[in-house]
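See structure below.
If you're wondering where the values come from, they're calculated on a predicted model, not measured in any experiment. Naming: A, B, ... by sequence-line order, numbering from 1 per chain.
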2 protein chains.
Amino acid sequence: MSEVDIFKALADPTRRAVFERLADGEKNATELREGFSLSQPAMSQHLAVLRSAGLVAEQKSGRHVHYRVNPDGLAQLHQWLHRYRAFWPQRVDELKQLLREMDQ
Amino acid sequence: MSEVDIFKALADPTRRAVFERLADGEKNATELREGFSLSQPAMSQHLAVLRSAGLVAEQKSGRHVHYRVNPDGLAQLHQWLHRYRAFWPQRVDELKQLLREMDQ
DNA sequence: CCGATACATAAGCATAGACTTATGTTAGTC
DNA sequence: GACTAACATAAGTCTATGCTTATGTATCGG
């Protein structure tokens, strides 16, 4: 997993939509396809990209494979963004709000 | 400028390196090429991508064009990441440190 | 154990993207 | 006003990538 992989993985709109779905809760590959007009292999390939980027994790259960958000990828992305914190001072208030939420 | 544009722009290692350079300080297109083995048009095209993604801003000055980091792009990226804050609680301490730095 | 289900993998194709050389345009220099 | 420097844009090429169909491999139900 590297920054390159993460940005490349999220550059594709379909993969971002898949990731968004997983943020709502764990789902298997078939459930993830609902609503998308995508072949099964296409989804499988997208999931492989997200997985190798460290953005999602898989867990096999019988013949199903459950996917969920892997915090590692987001943490990596956050760390990258953090390097440029000097350029977004206008977001301090939002961050403070975030911390208040997290402290609860 | 959209999320797609931002992730696509940052997916390319060269463009991320260019962006990183600009974070050190404003530079023109010729200065940015130093150290890279890239043709002038290639750099120009990369800058166009970063610009249309809202990640850099340009300012013409004579026959030079000065580029600098545009906070809007980073803000957009930060906002996207913020939607998934539930998945990175382990970074609370880093964020608190960040806010302490920013408050100074 | 046999068909169906839930995937992954392989191979082929068509478009997108990163690069090149060539050229255009505007601003400084003499 | 020619010449050069600092860019942008155009056109062509080659590779990466996202998709498809076809196939392989477990697992579950009857």
Practice item. Take the angle between the ring planes of B:His78 and A:His78 and call it parallel below 30°, perpendicular above 60°, tilted in between. Key: tilted

**Study point:** Atom pair distance, as rounded to whole Å: CD in B:Gln40 and P in C:dT20
**Key:** 11 Å

Revision key, fill the gap. Span of DNA chain D engaged by chain A, first through last nucleotide within the 4.0 Å heavy-atom cut-off, is D:dT17 to D:dC28

Point to revise | Atom-pair distance (CG on A:Leu38; P on C:dC7), nearest Å | key: 15 Å

Point to revise | Ionic contact status for B:Glu31 with B:Arg21, cut-off 4.0 Å | key: no

Exercise for review: Group every Ile, Leu, Val, Met, Phe, Trp and Tyr by side-chain heavy-atom contacts under 4.5 Å, then state whether B:Val49 and B:Leu55 land in the same group.
Suggested key: no

Review point. What nucleic acid atoms does B:Ser44 come within less than 4.0 Å of, heavy atoms only: base, sugar-phosphate, or nothing?
Key: base

Check your understanding: Considering only heavy atoms from C-beta outward, does the side chain of A:Met43 approach that of A:Val18 to under 4.5 Å?
Key -> yes

Check your understanding: Can you find a side chain N or O atom of A:Lys60 that sits less than 4.0 Å from OP1 or OP2 on C:dC7?
Key -> no

Exercise for review: Round to a whole Å and report the spacing from NE2 of A:His66 to P of C:dA8.
Suggested key: 13 Å

Exercise for review: Nearest-nucleotide wise, let me know which of A:Thr14 and A:Pro41 is further upstream toward the 5' end of DNA chain D.
Suggested key: A:Thr14

Check your understanding: A:Arg33 near the nucleic acid: base, sugar-phosphate alone, or nothing, with a heavy-atom cut-off under 4.0 Å?
Key -> nothing

Review point. With under 30° as parallel and over 60° as perpendicular, where do the rings of A:Tyr84 and A:Phe87 fit, or are they tilted in between?
Key: tilted

Review point. CZ of A:Phe7 versus C1' of C:dG17: gap in Å, rounded?
Key: 18 Å

**Study point:** OP1 or OP2 of C:dT20 under 4.0 Å from side-chain N/O of B:Ser39
**Key:** yes

**Study point:** Among C:dT20, C:dC7, C:dG17, the nucleotide that comes nearest once only the side chain of B:Ala42 is considered
**Key:** C:dT20

Exercise for review: Please work out whether the ring planes of A:Trp80 and A:Phe7 are parallel, tilted or perpendicular, with thresholds of 30° and 60°.
Suggested key: perpendicular

Practice item. Check whether the side chain of A:Arg63 and the base of C:dT5 form a donor-acceptor pair under 3.5 Å. Key: yes

Review point. Is B:Glu34 salt-bridged to B:Lys27, cutoff N-O under 4.0 Å?
Key: no

Check your understanding: Rounded to whole angstroms, how far apart are CE on B:Met43 and P on C:dT20?
Key -> 11 Å

Study note, to complete from the structure: Atom CG of B:Asp5 and atom P of C:dG17 are separated, to the nearest Å, by 10 Å

Check your understanding: In whole angstroms, how far is the C1' atom of C:dG17 from the CG atom of B:Leu50?
Key -> 14 Å

Review point. Between atom CG in A:Leu32 and atom C1' in C:dA6, what is the gap in whole Å?
Key: 13 Å

Exercise for review: Would you kindly compare B:Glu31 and B:Gln45 by the position of their nearest DNA chain D nucleotide and give the one closer to the 5′ end?
Suggested key: B:Glu31

